[in-house]
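Computed from a prediction, not measured in an experiment: that's the story for all the values here.
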Amino acid sequence: MIDPKVLSDHNLTAEEYEKITALIGREPNLTELGIFSLMWSEHCSYKSSKAFLSRLPTSGKRVIQGPGENAGIIDIGDGQAVVFKIESHNHPSLIEPFQGAATGVGGILRDIFTMGARPIALLDSLRFGPLESPKNRAIMDGVVAGISSYGNSIGVPTVGGEVYFHEVYSRNPLVNVFCLGLVEKTKIFFARAEGPGNPVLYVGSKTGRDGIHGATMASAEFGQETEHKRPNVQVGDPFKEKLLLEACLEVMEKGLIVGIQDMGAAGLTCSTTEMPAKSGTGISINLDLVPQREDGMTPYEIMLSESQERMLIVAGKENVAEVRKIFAKWDLDAVPIGEVTARKNLKVSFRGETVIDVPVDAVVNLCPVYRRPARKPASLRSAQTLTLPSPPKDLSSVVLKLAASPTIADKEWVFRQYDHMVQTNTVLLPGADAAVLRIKGRKKGLAVTLDGNALYCSLDPRTGGAIAVAEACRNLACVGAVPLGVTNCLNFGNPEKPEVMWQFKEVIEGLAEACRTFEIPVTGGNVSFYNDTEGLSIHPTPVLGVVGLIDDLAKLVGPGFREEGAVVVLFGETIEELGGSEYLRAVHGLEKGRPPGIDLKKERAVQDLCREAIREGLLRSAHDLSEGGLAVCAAECCLFGSSGTGCVLDFDDEMRPDAWLFSETQSRILVSVAGRDLPRLKELAEERNTPVKTVGRTGGTELIIRQNEREIVRLPVETLHEAWKKAIPRAFSV
């Protein structure tokens with residue numbers, strides 16, 4: 001009988017061990033146990049989430065590749081497609097922030113160019129604890145430096161993202177990295193091991209001991225001591241990855257290979273099992289041939305290492321010499337280590353002995369799928385109950401405080417560390433509603449955004465999930481883009497806690513309903529469970545990466561007011577919805593109430609109106625309302641403008657003034673329009689049965705807001721700018 005400690009060390013249960021022995025017909029040796037430990041880990045197998053992920057829509061007329069490959073692929077016309085995916089590197093970034101974040105960038109880049117696409121953009125969604133804590137500042141410092149170091153070095157621009165701060169992320173920072181690539185539809189490659197007898201080549205960097213059991217580490221809670229897990233974190237080399245990228249794209253361009261897969265989570269184990277499992281074949285390899293940078297490595301270490309910048313390639317026999325020649329030109333190893341077999345097993349030899357012989361189906365496809373207990377948190381009713389405090393008398397100071405809130409404040413101190421202009425495709429700079437990229441030689445462009453409000457999901461997971469999709473699509477609408485597809489990174493606590501599984505199930509239902517309403521397929525993504533340290537779970541944090549298409553970049557608008565004298569118009573209706581708002585959290589210290597509701601049909605109508613108005617050239621600016629509500633949105637429109645143009649807004653309503661200013665009612669966009677174009681805009685709104693209201697004009701150097709002719713906010717744009725710009729560097733030094 002196996003030692004229970006050995007099972008515990010491999011994060012396997014006794015029941016899972018029994019299933020392994022039944023599948024392979026014997027007791028596994030230690031190396032085989034390590035393989036199952038990795039491939040059956042939550043990080044690789046999705047054993048706690050599979051049952052629910054099937055609820056998400058994954059097909060559509062533009063979908064070339066949905067979930068199940070390294071990345072999803074969407075047709076954008078003209079013989080081109082976009083390849084995109086988001087993944088997490090949360091646990092490694094807690095233990096070793098720089099390398100954890102850097103290798104997260106490296107891994108997602110490989111997912112994209114493995115499909116034959118050239119990466120053209122990176123975005124990141126980051127969650128940290130409050131920056132008053134030196135440890136949180138150190139983690140953030142390392143993460144931002146790691147992202148910038150890898151992305152800047154390899155020459156792929158980081159064009160956008162988001163940064164949030166909350167106490168629940170103090171011991172569980174989230175680092176979610178998104179990558180977008182462009183490919184010709186005729187030059188797409190997949191992770192296949194076809195053709196028994198075809199050589200299997202190991203290409204890229206040599207294998208070391210870094211990253212062993214990285215995927216297993218990402219599938220467990222952390223306790224007080226994390227330092228001993230430092231060897232589980234991989235070490236990246238962006239300059240080597242650049243060579244690997246160019247070499248892989250060259251052999252793909254010349255049609256020399258049959259299939260290719262990144263050695264990411266689970267390293268050589270992943271690629272040597274998943275590729276044949278998808279092809280109905282097997283693979284036989286000799287570990288003595290694997291390039292190694294350390295002496296005395298065991299089969300266990302070689303198979304489980306997650307050393308970076310490595311790929312597994314299957315090529316025809318007649319092409320091996322040419323493949324090796326190309327990789328040698330790029331100063332990279334390209335070594336035949338085995339061949340494709342018809343036996344449907346992974347067979348591995350080392351020093352003349354067989355050390356692994358297991359069915360690839362057992363490793364990849366026959367992992368147990370759990371329907372874990374789900375229970376609504378007992379504390380939720382209390383959390384959703386809200387008694388509103390009286391409105392502050394000085395609402396101008398509240399607007400200033402919100403502008404200086406770390407979640408809302410200017411993030412230039414982050415993205416100035418990133419090269420966002422390399423490749424010269426960036427049209428809108430970071431900080432806009434969505435990143436916009438040109439497609440050279442075309443008038444159309446791509447838009448992409450990341451979004452997700454964890455506090456909403458904590459207070460009402462289903463609504464929060466739906467809002468995450470709606471707001472991401474609204475961000476695209478503000479630049480005139482039609483959403484094409486979505487990739488998701490679902491960050492949750494320990495799935496063995498019924499309350500966490502209930503949150504997950506509810507978020508999935510919200511995501512699914514919204515994706516169906518907007519007709520956008522989910523093409524892939526990542527589930528990151530076990531974001532717990534010392535029993536404390538993070539808020540449920542789904543992060544949505546949505547890609548959209550802009551027909552004509554000449555019609556593009558940004559969020560900032562462009563000139564004086566434009567009419568300011570509000571799309572959508574405002575309701576007194578302060579539950580879960582940034583205003584309550586930052587000003588009153590309350591994280592209570594129900595988040596704003598969402599009518600997805602009304603949301604879609606507002607977005608359609610915005611897109612059509614941009615297509616007709618009616619709008620001078622457009623900015624969605626989100627955290628901080630109307631007051632923060634108006635302030636940002638002033639701040640994003642090139643000349644610091646202010647505005648005067650007037651409202652006739654009896655709603656309590658702080659609700660008017662800070663309610664986070666969904667389905668709202670604040671736009672500016674030339675007076676001559678206002679009648680046509682109202683016609684479009686009437687056609688779509690969408691409420692629009694003229695609320696003021698741009699001009700001057702102040703933000704002035706009046707309710708029923710009573711001035712409730714007056715702030716110089718310069719004062720706003722100072723609060724918004726300088727809020728975080730006082731607590732954090734780059």
Worksheet item: Which pair of heavy atoms, one from Val546 and one from Ala472, lies closest together, and at what distance?
Response: CG2-CB, 3.6 Å
Worksheet item: In terms of the angle between their ring planes, are Phe504 and Phe52 parallel, tilted or perpendicular, with boundaries placed at 30° and 60°?
Response: perpendicular
Item to complete: Assess the side chains of Thr407 and Ser405: does a donor N or O sit below 3.5 Å from an acceptor N or O?
Response: no
Worksheet item: Looking only at heavy atoms, what is the nearest atom pair of Ser170 and Ile139, with distance?
Response: O-CD1, 4.3 Å
Worksheet item: From Asn11 CG over to Ser41 OG, what is the distance, rounded to the nearest 0.5 angstrom?
Response: 8.0 Å
Worksheet item: Tell me, do Val469 and Val486 make a side-chain contact under 4.5 Å, heavy atoms counted?
Response: no
Fill in: Val543 and its side chain to side chain contact (heavy atoms under 4.5 Å, CB included) partner, picked from Ile86, Asn526, Leu174
Ile86
Worksheet entry | Lys206 atom NZ, neighbour heavy-atom count above 12 within 6.0 Å | no
Worksheet item: Would a distance-only check, ignoring hydrogens and angles, find a side-chain to backbone donor-acceptor pair under 3.5 Å from Ser133 to Lys135?
Response: yes
Worksheet item: Is there a salt bridge (Lys or Arg N to Asp or Glu O under 4.0 Å) between Lys85 and Glu69 once you walk through the steps?
Response: CA-CA 10 Å; Lys85 191 181 183 184; Glu69 272 289 338; over 6 Å; no
Fill in: Residues Arg118, Glu246: salt bridge by 4.0 Å N-O rule
yes
Worksheet item: To the nearest 0.5 Å, how far apart are CG in Asn70 and CE in Met115?
Response: 6.0 Å
Worksheet item: Does Glu301 pair with Arg209 as a salt bridge, N-O distance under 4.0 Å?
Response: yes
Worksheet entry | Nearest heavy atoms of Ser125 and Leu450, plus distance in Å | N-CD1, 3.6 Å
Practice prompt. Verify the distance criterion only: is there a donor paired with an acceptor across the side chains of Asp532 and Asn172 at less than 3.5 Å?
Written response: no
Worksheet item: When you measure from the side chain of Thr269 to the backbone N and O of Met303, does any donor-acceptor pair fall under 3.5 Å?
Response: yes
Fill in: Val156 and Val422, any side-chain heavy atoms less than 4.5 Å apart
no
Discussion item. I'd like to know if the side chain of Gln308 pairs up with that of Arg110 as donor and acceptor (distance under 3.5 Å, no hydrogens or angles considered).
Written reply: yes
Worksheet entry | Ser148 side, atom OG; Phe98 side, atom CZ - distance, nearest 0.5 Å | 7.0 Å
Practice prompt. Could you tell me whether the side chain of Pro57 reaches within less than 4.5 Å of the side chain of Cys515, counting heavy atoms only?
Written response: yes
Worksheet item: Is it true that a side-chain atom of Gln503 and a backbone atom of Pro540 form a donor plus acceptor pair closer than 3.5 Å?
Response: no
Worksheet item: Is it true that a side-chain atom of Trp40 and a backbone atom of Leu12 form a donor plus acceptor pair closer than 3.5 Å?
Response: no
Discussion item. Please give me the minimum heavy-atom distance between Ala71 and Asp111, naming the atom from each residue.
Written reply: CB-O, 3.9 Å
Item to complete: May I ask you to decide if Tyr530's main-chain N or O and His91's side chain share a donor-acceptor pair within less than 3.5 Å?
Response: yes
Worksheet item: Would Leu446 and Val82 satisfy side-chain contact (heavy atoms from CB on, under 4.5 Å), going step by step from the backbone distance to the final call?
Response: CA-CA 9 Å; Leu446 297 169; Val82 286; 3.6 Å; yes
Discussion item. For the backbone of Pro406 and the side chain of Lys411, can you confirm whether one donor and one acceptor N or O come within less than 3.5 Å of each other?
Written reply: yes
Fill in: Arg293 and Thr207: side chain donor to acceptor below 3.5 Å
no
Worksheet, complete the sentence: The reported gap from CE in Met501 to CD in Glu506 (rounded to nearest 0.5 angstrom) is 11.5 Å
Practice prompt. Could you tell me whether Glu162 and Arg127 make a salt bridge, using a distance below 4.0 angstrom between a side-chain N and a carboxylate O?
Written response: yes
Worksheet item: Just by distance, do the side chain of Asn152 and the backbone of Tyr418 share a donor-acceptor pair under 3.5 Å?
Response: no
Worksheet item: Per the side chain to side chain contact (heavy atoms under 4.5 Å, CB included) rule, which among Asp333, Val335, Ile313 passes with Val203?
Response: Ile313
Fill in: Met140/Leu131 under side-chain contact (heavy atoms from CB on, under 4.5 Å): CA gap, chis, key distance, verdict
CA-CA 9 Å; Met140 178 155 195; Leu131 293 181; 4.0 Å; yes
Practice prompt. Look at Glu42 together with Lys47 and state whether they make a salt bridge at an N to O cut-off of under 4.0 Å.
Written response: no
Worksheet item: At what distance, to the nearest 0.5 angstrom, does CG of Asp331 lie from CZ of Phe239?
Response: 14.5 Å
Worksheet item: Would you say the side chains of Glu627 and Tyr164 form a donor-acceptor pair under 3.5 Å?
Response: yes
Worksheet item: Side chains of Asp210 and Ser307: donor-acceptor distance under 3.5 Å anywhere?
Response: yes
Discussion item. Determine whether a donor-acceptor pair (N or O, by modelled atom type, separation under 3.5 Å) exists between the side chain of Asn136 and the backbone of Pro130.
Written reply: yes
Item to complete: Provide the closest heavy-atom pair for Ala468 versus Leu544 in the form atom of the first, atom of the second, distance.
Response: CB-CD2, 3.6 Å
Worksheet item: So, Ser458 side chain and Ala454 main chain: donor-acceptor pair closer than 3.5 Å or not?
Response: no
Discussion item. Could you walk me through whether Lys497 and Ser537 satisfy the side-chain hydrogen bond (donor to acceptor under 3.5 Å, both in side chains) test, starting with their C-alpha distance in whole Å, then the side-chain angles of each, then the deciding distance to 0.1 Å, before giving a yes or no?
Written reply: CA-CA 10 Å; Lys497 297 177 179 177; Ser537 298; 3.3 Å; yes
Worksheet entry | Leu123 and Thr158, any side-chain heavy atoms less than 4.5 Å apart | no
Discussion item. Please tell me whether Tyr169 and Phe128 form a close aromatic pair, meaning their ring centres lie under 6.0 Å apart.
Written reply: no
Worksheet item: With no hydrogens and no angle check, do the side chains of Ser528 and Asn531 hold a donor and an acceptor under 3.5 Å apart?
Response: yes
Worksheet item: Do Val177 and Leu122 have side chains that get closer than 4.5 Å, going by heavy atoms?
Response: yes
Worksheet item: For Pro157 and Thr426, which heavy atoms make the closest approach, and how far apart are they?
Response: CB-OG1, 4.4 Å
Fill in: Derivation and outcome, side-chain contact (heavy atoms from CB on, under 4.5 Å), residues Leu437 and Ile120
CA-CA 9 Å; Leu437 302 158; Ile120 61 171; 4.2 Å; yes
Worksheet item: Would you say the side chains of Asp124 and Asn176 form a donor-acceptor pair under 3.5 Å?
Response: no
Fill in: Distance, nearest 0.5 Å, that separates CZ of Arg55 from NZ of Lys505
10.0 Å
Discussion item. Walk me through whether Leu490 and Ile508 qualify under side-chain contact (heavy atoms from CB on, under 4.5 Å).
Written reply: CA-CA 9 Å; Leu490 307 177; Ile508 290 290; 3.7 Å; yes
Worksheet item: Can you tell if the side chain of Leu249 reaches within under 4.5 Å of the side chain of Met252, non-hydrogen atoms only?
Response: yes
Fill in: Backbone of Arg137 reached by a side-chain donor or acceptor of Asp141 within 3.5 Å
no
Discussion item. Side chains of Ile260 and Cys248, heavy atoms from C-beta outward: is any pair under 4.5 Å?
Written reply: yes
Worksheet item: Any side-chain heavy-atom pair from Val507 and Phe492 closer than 4.5 angstrom?
Response: yes
Discussion item. Looking only at the side chains, is there a donor atom on one of Ser205 and Arg310 sitting less than 3.5 Å from an acceptor on the other?
Written reply: no
